[in-house]
Amino acid sequence: MSRDIERRKFLTLAGSAAGAAALAGCSGGDSTPTDGDDDGGATATSTDGETATDRPEPTTREGYLQRAGRVLNEDAPWIFLNQQYSVYGLSSEIEWTPRNDERIDGYAIEPQGSKSSITISQSSMDSGLDPHDHRETPTDNIVLQAYEGLLTRDAEGAIEDQLATGYERLEPGRVRFELRSGVSFHSGDSMTKQDVAFSVNRIVQSDVGGLESPQRSQLTGVQSAEPADGDNAVIVNSDGINPIVFAEFASYCDIMNRSWVESNDSAYINSNMNGTGPYMLETYEQDVQVVYSSYDDYYGDAPPADSLTIQGVPESSTRVNQLLSGETDLIVNVPPQDASRVQNSDDASVSSVASTRIIYNAMVYNAEPFDSVEFRRAMNYAIDLESIIDNVLSGFANRTAQPGLEGHFGYNPDLDPFPYDVEEAERLVEESGYAGAEITLHTPVGRYLKDLEIAQSVVGYLDELDNVSAEVQQRDFGALASELVDGDITTGPDFYLIGWGNSTFDTSQTILPLLTDEGELYSYVSEEVNELMSQAQSMANEN
C-alpha cells in the first residue's frame with residue numbers, strides 16, 4: 001500500500017562520483033594515507049600551520065565539499081570507523097523494506113493474512129513526544145507515526161511529496177511549497193498555511209512556539225517562513241541560496257497545529273501527539289511503550305494495520321527472543337552473532353541495509369593530547385579497522401575515511417582509510433610530544449550496533465601501543481548525548497564514540513554540525529574547513 005500522494009523527484013540525491021568534477025592535485029601529507037588529487041594549483045595550509053600541498057581551487061559545490069573531506073582526512077579529527085548497517089529482524093507475518101535513513105515508518109509495514117496489529121521493538125525509546133524537541137532517531141521513529149513533514153523520502157532516499165504537493169525555488173533565498181488540501185490534525189482542526197509557517201519558525205526562531213529547538217541546524221540556512229498571499233502555499237526564506245533546502249525539508253520539520261501548541265505547555269506536548277499522520281496516539285508510557293490506532297480521517301489510504309505498538313527493549317538478546325517467540329514483529333539491531341539464528345528460523349528473517357549513519361571516535365581538537373594532528377593521525381594508524389568490521393560486526397559495516405559516505409553528494413572517492421601500521425602510530429605519538437598519554441574513550445552501550453564491543457576493540461588496539469594507555473568508560477546514551485548537543489565543547493568528554501545519521505544525503509549536513517564552529521555538536525574547528533564550507537553553501541548543486 002502506498003500513500004495517495006503526487007510524487008516528484010526534485011533533486012538527484014546521490015552524488016555522482018563518476019560525473020563529479022575530479023578534485024585536484026593534492027599529494028597528501030607525508031603521513032597521510034591517500035594519494036593526492038590531480039588538478040594542481042593554489043597552495044592550501046593544514047590546521048597545524050604547515051603547508052600541506054598544492055591544490056587547485058575547486059570550481060563546483062561538490063568540489064568544495066570533496067576538498068573539505070580531504071582536509072578532514074588529513075587532519076584526522078576523528079578515528080574514522082565505519083558506515084553502520086541497519087540490521088533488522090522481521091517476523092514472517094509482516095512485509096517491510098528497510099530504509100537507508102533508519103526510519104521505521106509503520107505505514108509501510110504490511111501485515112500478512114488476518115493480522116491487524118504490529119509491534120516494533122527498538123533498543124531506546126523517546127526523549128519526549130514533541131517532534132521539534134529532540135535530535136535522536138529512536139524518537140524520530142516514534143513521532144513520525146503521527147507527525148508528517150512537507151516532503152518525505154522513499155526507502156531508497158528519493159524525495160517525495162507529503163503535506164506539500166509541489167515546490168519550487170523562486171529566487172536565491174526564497175522557495176515556495178504548495179500545500180495539500182483536505183488535511184486535518186488528529187484534533188479535527190484543518191491544517192492551514194499558518195500552521196506550516198509556524199512550524200518552520202518554531203524550529204529556526206528561538207522566540208516562536210515556546211522552545212529553542214535543537215533541530216535548528218537541521219534546517220541550515222533557513223531563517224523564516226510566511227503564508228503566501230491568496231494561495232494555499234508557504235514561502236520559506238533562507239540566508240543565501242541554501243543549496244540543500246529541499247533535501248532538508250524531506251527529512252526534517254514535522255508540521256504541528258499552531259493553536260494546539262500555543263494552548264499547551266511543554267510537559268503536555270511531550271506526552272501527547274496531534275499530527276496529521278496515519279496513526280494517532282492511544283496510550284503513552286514513557287520509556288516503556290507507545291500505542292497508536294489508525295486515524296480514520298487520514299487524507300491518504302488507511303494504514304495497513306489497525307493498531308501499532310512501539311516498545312523499548314534495551315537488551316538485544318531479549319529482542320531476538322521476542323521475535324523468535326512471536327511476541328514482536330520487527331526488531332532493530334539484530335546482533336551479528338544472532339543473525340544466523342534468526343535467518344534460519346521458520347518464522348523470522350534478517351533484513352539489512354547500509355545506513356546513512358557514520359560511527360566515529362571524536363577527538364576534541366583543543367584538548368590535550370588531541371590538539372596534536374600527529375597524535376590524532378596516530379590513533380587512526382593504531383587500529384585494525386578491517387579486523388573490527390570482520391570480527392566485531394561480522395561484515396555488517398563499511399570502512400570510512402571521511403565524514404561523507406559513498407553515495408552522498410560531496411563524497412570524495414579518492415580517499416582511503418588509514419592503514420593499520422603500529423610502528424607509524426608509535427612514531428607519530430612520539431612526534432606529537434604526548435608519549436605516555438593516558439586516554440579514556442566514552443561510549444554508549446546498546447545505542448548502535450555493537451557499540452561497546454567496537455569501543456573495546458579500539459581501546460585494545462590503542463593500549464597495545466608502547467607509548468599510549470587507553471581505557472573505556474561506558475555511558476548512558478541520553479546523558480552522553482546531552483553533553484554533546486548543548487553547544488558547549490567543554491561539557492563533554494574529550495574522546496568519545498558516537499554515531500551521526502545524515503538523511504539529507506549531502507555531506508554538508510555532517511561536516512557543518514560536527515566539524516565547523518557553526519555546529520551544535522562540533523568537536524573540531526579549522527579556518528580552512530570553515531572557508532571551504534562557506535564557499536560550498538554559497539553555490540547551487542551541479543545536479
Side-chain angles (χ1 to χ4, degrees), residues 26-36 46 48 52 69-85 336 354 357-363 369-370 372-406 411-432 434-443 448-472 495-499 524:
C26 171
S27 61
D30 291 340
S31 57
T32 52
T34 53
D35 293 333
S46 66
D48 58 0
R70 174 169 293 282
V71 173
L72 290 165
N73 170 275
E74 293 174 354
D75 281 359
W78 298 345
I79 297 178
F80 297 101
L81 290 175
N82 62 279
Q83 177 184 23
Q84 179 180 278
Y85 271 50
R357 183 176 302 281
I358 185 171
I359 304 295
Y360 62 94
N361 292 148
M363 297 176 276
F370 306 113
S372 163
V373 66
E374 290 82 8
F375 192 89
R376 298 195 301 263
R377 289 173 181 163
M379 299 299 96
N380 278 279
Y381 279 112
I383 67 166
D384 187 345
L385 183 54
E386 190 168 356
S387 176
I388 291 174
I389 289 176
D390 288 344
N391 298 312
V392 177
L393 294 167
S394 300
F396 285 116
N398 297 323
R399 294 193 301 162
T400 56
Q402 58 189 299
L405 297 174
E406 187 171 3
Y411 171 79
N412 190 331
D414 296 327
L415 301 178
D416 295 321
F418 282 71
Y420 177 45
D421 188 335
V422 174
E423 291 185 0
E424 179 65 3
E426 291 176 342
R427 186 191 71 78
L428 285 167
V429 170
E430 295 295 332
E431 187 176 326
S432 75
Y434 285 116
E438 298 177 356
I439 56 178
T440 300
L441 176 62
H442 294 236
T443 182
Y448 310 110
L449 189 67
K450 307 291 281 187
D451 45 18
L452 175 60
E453 292 82 358
I454 295 171
Q456 290 171 329
S457 294
V458 168
V459 161
Y461 283 116
L462 300 182
D463 204 47
E464 287 180 359
L465 298 178
D466 288 340
N467 45 14
V468 173
S469 298
E471 63 180 10
V472 166
F495 187 31
Y496 54 88
L497 182 150
I498 203 74
Y524 168 86

query = Would a 4.5 Å heavy-atom cut-off, applied to side chains only, mark M379 and V429 as touching?
reply = yes
inquiry  = Any heavy-atom pair between the side chains of L497 and V472 that's under 4.5 Å?
reply    = no
task = Please examine the side chains of F370 and P77, heavy atoms only from C-beta on, and report whether any two atoms are closer than 4.5 Å.
result = no
key: Criterion ring pair (Phe, Tyr, Trp, His ring centres under 6.0 Å) against W78, the qualifying member of Y360, F495, Y524, Y496   = Y360
message = If I compare all heavy atoms of A397 with all of I389, which pair ends up nearest, and what's the gap?
response = O-CG2, 3.6 Å
key: OH on Y434 to CG on N467, rounded to 0.5 Å   = 14.0 Å
ask   = When rounded to the nearest 0.5 angstrom, what distance separates CD1 in I439 from CE in M363?
value = 8.5 Å
inquiry  = Do R377 and F418 make a side-chain contact, defined as non-hydrogen atoms from C-beta onward lying under 4.5 Å apart?
reply    = yes
query = Would you say E471 and D463 make side-chain contact, with heavy atoms under 4.5 Å?
reply = no
inquiry  = Nearest 0.5 angstrom please: D416 CG to R399 CZ, how far?
reply    = 8.0 Å
ask   = Among E430, E431, E423, whose side chain to side chain donor-acceptor pair (under 3.5 Å) with R427 holds?
value = E431
remark   = The reported gap from CD in Q402 to CD in E74 (rounded to nearest 0.5 angstrom) is 12.0 Å
message = Could you check whether any side-chain N or O of E426 sits under 3.5 Å from a backbone N or O of D466, counting only pairs where one atom can act as donor and the other as acceptor?
response = yes
key: Heavy-atom side-chain contact between Y85 and L393 under 4.5 Å   = no
message = Set out, in order, the CA-CA distance, both residues' side-chain angles and the distance that settles side chain to side chain contact (heavy atoms under 4.5 Å, CB included) for K450 and F396, then state yes or no.
response = CA-CA 10 Å; K450 307 291 281 187; F396 285 116; over 6 Å; no
query = Is the backbone of L81 close enough, under 3.5 Å, to the side chain of N361 for a donor and an acceptor to pair up by distance?
reply = no
task = Over all heavy atoms of both residues, which pair between I388 and Y461 is shortest? Give the atoms and the distance, please.
result = CG1-CE1, 3.9 Å
Closest non-hydrogen atom pair between N73 and A401, with its separation = ND2-O, 2.9 Å
query = So which heavy atom on L72 is nearest to which on P403, and how close?
reply = CD1-CG, 3.7 Å
ask   = Just by modelled atom types, is the G499 backbone N or O under 3.5 Å from a matching donor or acceptor in the Q84 side chain?
value = no
ask   = Which atoms form the tightest heavy-atom contact between L465 and A382, and what is the distance?
value = CD1-CB, 3.8 Å
key: Approximate separation, where rounding is to 0.5 Å, of L385 CG and T400 OG1   = 6.5 Å
remark   = Closest non-hydrogen contact found for D384 with Y420 is N-CD1, 3.5 Å
ask   = Say you draw a straight line from CG of D451 to CD of Q456; how long is it, rounded to the nearest 0.5 Å?
value = 9.5 Å
ask   = Within a strict 4.5 Å, meaning less than it, do heavy atoms of the P336 and L449 side chains meet?
value = yes
